[in-house]
Amino acid sequence: MKKIWLAGPAFVLGMAGWGTAQAESVEKLAAAFGARQDITDISLAPGGALAAIVAPSGGRGDKVMIADLVKGGAPRTILNASGQGEHVSYCSWPSDAQLVCSILVQDKSTGNVLSFSRLLSLSLDGSPAKMLTQSANSRSLGVARYGGDIIDWQGGKPEEVLMLRQYIPENTIGTRLAQSGEGLGVESLNVRTLRRATVEKPNRTAAGYITDGMGNIRIMASTPAMGIGYDRNYTDYFYRLVGQHGWNPLGRVTVNPSGTYSGFRPVAVDPESNSVFGFDNKNGFSALYRQSLDGSNRREEVISKPGVDVDELIRIGRSRRVVGVSFATDYRQIEYFDPKLAALRSALSKALPGDPSVTIVDSSADESKLLMFVGSDIDPGKYYIFDKATRKLEEVLPLRTAMSGRTLSPMKSIQFRAFDGTMVPAYLTLPPGSDGKNLPAINMPHGGPSARDEWGFDWLVQFFAARGFAVLQPNFRGSSGYGEAWFEKNGFQSWRTAVGDVTDAGDWLVSNGIAAKGKLAIFGWSYGGYAALQSGVLKPDLFKAIIAVAPVTDLQQLRNDHLNYSDYKLVDAMIGNGPHVSQGSPAQNAAKIQAPVLMFHGDWDTNVDIDQSELMQRRLLDAGKRAELVTFKGLTHSLVEGEARARMLAQSDAFLRENLGMPKE
């Protein structure tokens, strides 16, 4: 098996010293750490000899490449997306000769950013791409923004798939051929000939379907329609008995006002045991269960872990066979149900240097070849192919060639004491070679709020560590993964606790001598940006500089931004009502902030509208504060462009050094 190269030199970690990084200009360092990762998606063909790679192209674009894992050589590009309103999300293989790719299309011609997804079929013989998403016509009474997803490979039948379709009704005047169905349905589709047939009629309340991986639809999710979009306060699940077409009730999942769930949430059907894997609450934590689909409704616990949520299934193969489960304590852990896979993963973890995390990403149809990802906090990671027959592990591609030869900083799991005595988990990263004392320091709360930081490579953290900063990432109360009690009412309704934990993290950096006097800043993205700004409201004299990327700044405005969208009721419930809405909005309390503020925002952001940052800047300037907003034209929430990220890093570094009294270089 030959090594495949995208570009650049071989990946060698840890060879360059700290002196090399220090000698580099901040612009070069920012460009290296801000560069997009070399692979954004990778999948293995059924035969195991080919891989489809989605990689950056130009500044914002994407390209789809085919790598020959047997012959080696440079991957062959078969599709380009400009990045100007179109991006490739992922690709999958219906056969060794065909590829299906999901394309995200965005448009701002109406003033608001509208997003559409579309599925394309690509032939490796070079013939023109074909649109799998059913096109609208002159009779259509609307446009389907959702372009469908492949939910089953029809038991391995080449080129035949089951695909979700959003049906749009048509005007019936003057024709008997109009499409009258409306809602989500399922089609059987040949991706080469485009021959299609409806196998599940459209249903206005259907929100999703789950198959058994062998071409049989076994479960339907149904959410009641309430005016615009879905109510989304609850979802009813139904199942089919083997060989029958009718639906039987499986259970109801309720979305609580905090954003947590109650009820059994089915995820994957196991055809061998005629059961479905899903998650449910056990003593305030998410656990994995298996429920029978034979009419008996028998349920058994598969796995639970004290103190953390079990939150992810591990699936491989064409049938998406469930082989394990994962959960995050200090580190992301995987437990395989398959003893051979468990033994393989253990052996690889011991054999590879640096005690890395090993994850199975994909496999050939017969599971004889496994595509694996190996990485750690000081290794951005590489993809490997493991051949079960020969027991050989071969490197395919590194994830970030721009990190080649750089010394990276270990991420250490720690705990600090919050204001009420609660021990809060966090990760501390120190500059290479540092003794961890008397440093410029950055408190970096994560986004979400329903999220958490995990151990592993982080380009933001590593950049600032390379520039001499200590970085602390607190998993404050309001973070997910630690159960319902830790999540509380989410980081907005319970902002005093969540942001209180964030400010306590800053106090811990100071009291432990890690942060030098007057050299403590805060940096956050999305909810983390909100927490950074609100920390300046809650404790104005703690942080000497505040950086917020795509932040929420006004909770009522956030609610208003979702008025005409299907998730309004969910957002409305998450924010809630009461004094916390105004008290917990940094834009409404801008006069309390003392530290200078720097913000970055993409003007095509559909997660957090740029009007949030614009409002914050106006309020700060009106209050006589220092505030700057950097706008990136045509970029969305994640600022997926190397040049934009490099500019953000370099400008943030200069801002911090100016306001923390540090030399620029």
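The salt bridge (charged side-chain N to carboxylate O under 4.0 Å, His left out) check on Glu367 picks up Arg321, with sequence neighbours excluded. For the side chain to side chain contact (heavy atoms under 4.5 Å, CB included) test, residues two or more places apart in sequence or in another chain that qualify with Asn274 are Arg218, Val242, Leu293, Asp294. Annotation: salt bridge (charged side-chain N to carboxylate O under 4.0 Å, His left out) contacts of Asp149 (sequence neighbours excluded): none. For Glu643, the side chain to side chain contact (heavy atoms under 4.5 Å, CB included) partners two or more places apart in sequence, or in a different chain, are Glu641. For Leu104, the side chain to side chain contact (heavy atoms under 4.5 Å, CB included) criterion is met by Ser89, Gln106, Ser115, not counting sequence neighbours. Every residue two or more places apart in sequence or in another chain was checked for a ring pair (Phe, Tyr, Trp, His ring centres under 6.0 Å) with Tyr239, and none qualifies. With sequence neighbours excluded, no residue forms a ring pair (Phe, Tyr, Trp, His ring centres under 6.0 Å) with Tyr336. Listed by chain and number, the residues in a salt bridge (charged side-chain N to carboxylate O under 4.0 Å, His left out) with Arg196 are Glu187 (sequence neighbours excluded). The ring pair (Phe, Tyr, Trp, His ring centres under 6.0 Å) search around Tyr331 returns Trp455, not counting sequence neighbours. Residues forming a side chain to side chain contact (heavy atoms under 4.5 Å, CB included) with Phe277 (at least two apart in sequence, or on another chain): Asp270, Leu288, Arg290, Val302, Leu313, Val322, Phe337. Take Asp280 and apply the salt bridge (charged side-chain N to carboxylate O under 4.0 Å, His left out) test, not counting sequence neighbours, and it matches Arg299.
Of the residues listed (Ser319, Pro158, Ser92), the one engaging Trp153 in a side chain to side chain contact (heavy atoms under 4.5 Å, CB included) is Ser92, and it is the only one. Of the residues Thr211, Leu164, Thr198, Asp152, the one that meets the side chain to side chain contact (heavy atoms under 4.5 Å, CB included) test with Val186 is Leu164.
Counting heavy atoms from C-beta outward, Leu639 and Trp525 have side chains that approach closer than 4.5 Å. A heavy-atom distance below 4.5 Å is found between the side chains of Cys91 and Val54. Residues Leu124 and Ile66 meet the side-chain proximity criterion, which asks for heavy atoms closer than 4.5 Å. Counting heavy atoms from C-beta outward, Arg36 and Val640 have side chains that approach closer than 4.5 Å. Put simply, the side chain of Ile53 does not reach to within 4.5 Å of the side chain of Val64, judged on heavy atoms. When side chains are defined from C-beta on, Phe279 counts as touching Val310, because their heavy atoms get closer than 4.5 Å. Inter-residue side-chain proximity for Lys388 and Lys369 is flagged as unmet; no heavy-atom pair is nearer than 4.5 Å. In this structure the side chain of Leu399 reaches within 4.5 angstrom of the side chain of Phe373, judged on heavy atoms.
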| said: Does Lys201 form a salt bridge (charged side-chain N to carboxylate O under 4.0 Å, His left out) with Glu182? I'd like the steps, not just the answer. | reply: CA-CA 9 Å; Lys201 292 182 179 179; Glu182 181 179 5; over 6 Å; no
Take Ile150 and Leu119, measure what side-chain contact (heavy atoms from CB on, under 4.5 Å) needs, and give me the verdict at the end. CA-CA 9 Å; Ile150 306 300; Leu119 286 187; 4.1 Å; yes
### Query
For Arg332 and Asp311, what are the C-alpha separation, side-chain angles and deciding distance, and is it a salt bridge (charged side-chain N to carboxylate O under 4.0 Å, His left out)?
CA-CA 11 Å; Arg332 173 64 58 172; Asp311 54 14; 2.8 Å; yes
Kindly determine whether Ser102 and Ser117 satisfy side-chain hydrogen bond (donor to acceptor under 3.5 Å, both in side chains), including the steps that lead there. CA-CA 7 Å; Ser102 178; Ser117 65; 5.4 Å; no
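With hydrogens and angles left out, the side-chain atoms of Ser292 and Ser275 include no donor and acceptor closer than 3.5 Å. In summary, the side chains of His637 and Ser526 do present a donor paired with an acceptor at a separation below 3.5 Å, with no hydrogens or angles considered. For the 3.5 Å distance criterion, the side chains of Gln98 and Ser121 qualify, holding a donor opposite an acceptor.
Leu370 contributes atom CG, which lies 6.0 Å from atom OG of Ser363 (distance to the nearest 0.5 angstrom). A distance of 6.0 Å separates CG in Leu79 from SG in Cys101, rounded to the nearest 0.5 Å. In this structure, CG on Asn607 lies 7.5 Å from OG1 on Thr636, to the nearest 0.5 angstrom. Here the straight-line distance linking atom CD1 of Ile314 with atom OG1 of Thr359 works out to 7.0 Å at 0.5 Å rounding. Taking CD of Glu86 as the start and CZ of Phe116 as the end, the distance is 14.0 Å to the nearest 0.5 Å.
Checked by atom type and distance alone, the side chain of Arg60 never pairs as donor or acceptor with a backbone atom of Pro56 at under 3.5 Å. Formation of a donor-acceptor pair under 3.5 Å by the Lys63 side chain with backbone atoms of Ile78 is not found in this model. A donor-acceptor distance shorter than 3.5 angstrom exists from the side chain of Asp362 to the backbone of Leu44, with no hydrogens or angles considered. Judged by distance alone, the side chain of Ser123 and the main-chain N or O of Gly126 form no donor-acceptor pair under 3.5 Å. A donor-acceptor contact shorter than 3.5 Å is absent between the side chain of Asp212 and the backbone of Pro271. A donor-acceptor pair under 3.5 Å is formed between the side chain of Arg645 and the backbone N or O of Ser638. Between the side chain of Ser57 and the backbone N or O of Gly61 there is no donor-acceptor pair closer than 3.5 Å. Not a single donor-acceptor pair under 3.5 Å links the side chain of Thr77 to the backbone N or O of Met65. Not a single donor-acceptor pair under 3.5 Å links the side chain of Arg240 to the backbone N or O of Ile219. A donor-acceptor pair under 3.5 Å links the side-chain atoms of Asp62 to the main chain of Val88, judged by distance alone.
Shortest non-hydrogen contact noted between Ile39 and Pro398 is CD1-O, 3.9 Å. Among all heavy-atom pairs drawn from Glu301 and Tyr289, the shortest one is CA-CD2, 3.5 Å. For the pair Pro266 and Val276, the tightest heavy-atom approach, listed with the atom from each and the gap, is CB-CG2, 3.7 Å. Among all heavy-atom pairs drawn from Ile334 and Ser326, the shortest one is CG1-CB, 3.8 Å.
The list of side chain to side chain donor-acceptor pair (under 3.5 Å) pairs with a residue in residues 39-49, not counting sequence neighbours, reads Ser43-Trp93.
Here Glu160 pairs with Arg195 in a salt bridge; the nearest charged N to carboxylate O distance falls below 4.0 Å.
Annotation: cation-pi pair Arg165/Tyr167 present, NZ/CZ under 6.0 Å from the ring centroid and within 45° of its normal.
In this structure, Glu272 places its CD atom where only 12 or fewer heavy-atom neighbours from other residues, nucleotides or ligands lie under 6.0 Å away.
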